[in-house]
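Here the structure is laid out as structure tokens; the discussion comes afterwards.
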Amino acid sequence: MQYWLMKSEPDVFGIDHLRKAVIEPWDGVRNYQARNMMRDQMQVGDQIFFYHSNCDVPGITGIAEVATSGYPDKTAFDPAAKYFDPKSDPNNPRWYRVDVKFVRELNRTISLQELREHPELENMPLVRKGNRLSVMPVTEQEWQYILSLE
DNA sequence: GCCAACGTTGGC
DNA sequence: GCCAACGTTGGC
């Protein structure tokens, strides 16, 4: 069992959308580090913190779980898609995605500001200045600690 | 292989 | 809306 944190803009796709859809592909990731984690490391059942970015109160708002391991992100092949990438060859896909499944919303949003206040979490890429990774691993200690804040 | 220019992310 | 930080691109 591994733990992850995934960022999404709530205006585009937030925890509410996932709650209604239950299972959705996590597509549109166009960053190699994040791609590698989805393609190579994520396993069905892994737990995910759902993080809202680029909004009034950025922070962790819910929990999801990995519903499929990595598979090619087909939106990269579709010229009409927002995340079309002409360099992604269907015979050798450049981008991958996983499906994620809604687990629950947190009782409250644990804001980035609050997460920064805890020395126990200082090694998380999330709280590092300038970090833009949209998919990142979370240690079991960090996972449990954050849940204890809820 | 270097690095300047550019585009994007995302907090504030 | 601003802008710092970072990743990518492409000329050389």
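None of the values given here were measured: they were computed from a predicted structure. Note on naming: letters A, B, ... go to the chains in the order of the sequence lines (proteins, then strands), and numbering restarts at 1 for each one.
- Rounded to an integer number of Å, the gap from A/Asn131 CG to B/dG10 P is 9 Å.
- Distance check, rounded to the nearest 0.5 Å: CD of A/Glu24 to CG of A/Leu18 gives 7.0 Å.
- Within a 6.0 Å sphere centred on CD of A/Glu9, other residues, nucleotides and ligands contribute more than 12 heavy atoms.
- When distances run from any side-chain atom of A/Arg116 to the nucleotides C/dA5, B/dC12, B/dG10, the shortest one goes to B/dC12.
- With DNA chain C read from its 5' end, the first of the two nearest nucleotides for A/Lys129 and A/Asn54 is the one closest to A/Asn54.
- When rounded to the nearest whole Å, the span between CG of A/Leu133 and C1' of C/dG7 equals 11 Å.
- Regarding A/Phe13, its CZ atom lies at a distance of 19 Å from the C1' atom of B/dT9, rounded to whole Å.
- Regarding contacts with the backbone of B/dG11, a side-chain N or O of A/Tyr51 is found under 4.0 angstrom from either OP1 or OP2.
- The salt bridge (Lys or Arg N to Asp or Glu O under 4.0 Å) search around A/Arg19 returns A/Asp16, A/Glu105, not counting sequence neighbours.
- Between the P atom of C/dA5 and the CD atom of A/Gln33 lies a distance of 18 Å, rounded to the nearest Å.
- Each of B/dG10, C/dA5, C/dT9 was ranked by its minimum atom distance to the side chain of A/Arg94; first place goes to C/dT9.
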Side chain to side chain contact (heavy atoms under 4.5 Å, CB included) assessment of A/Met38 paired with A/Val29 | CA-CA 10 Å; A/Met38 291 198 293; A/Val29 172; 3.6 Å; yes

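- For A/Ser134, whose side chain is taken as the heavy atoms from C-beta onward, the closest listed nucleotide among B/dG10, C/dA5, C/dT8 is B/dG10.
- Within the structure, side chain to side chain donor-acceptor pair (under 3.5 Å) pairs that include any residue of residues 77-92 of chain A comprise A/Asp85-A/Trp95 (at least two apart or interchain).
- Contact annotation: A/Lys87 side-chain N/O to C/dT9 OP1/OP2 distance is under 4.0 Å.
- Dashed line: the shortest gap from a side-chain N or O of A/Lys7 to OP1 or OP2 of B/dT9 is not under 4.0 Å.
- Remark: C1' of B/dG10 and CE of A/Met136 are 12 Å apart, rounded to the nearest angstrom.
- Taking atom NZ on A/Lys82 and atom P on B/dT8, their separation rounds to 10 Å, with Å as the unit.
- When the nucleotides C/dC6, B/dG11, C/dG7 are ranked by their closest atom to the side chain of A/Arg132, C/dC6 comes out on top.
- The CG-P distance, from A/Asn31 to B/dT9, rounds to 10 Å in whole Å.
- Rounded to whole Å, the distance from CG on A/Leu5 to P on B/dG10 is 11 Å.
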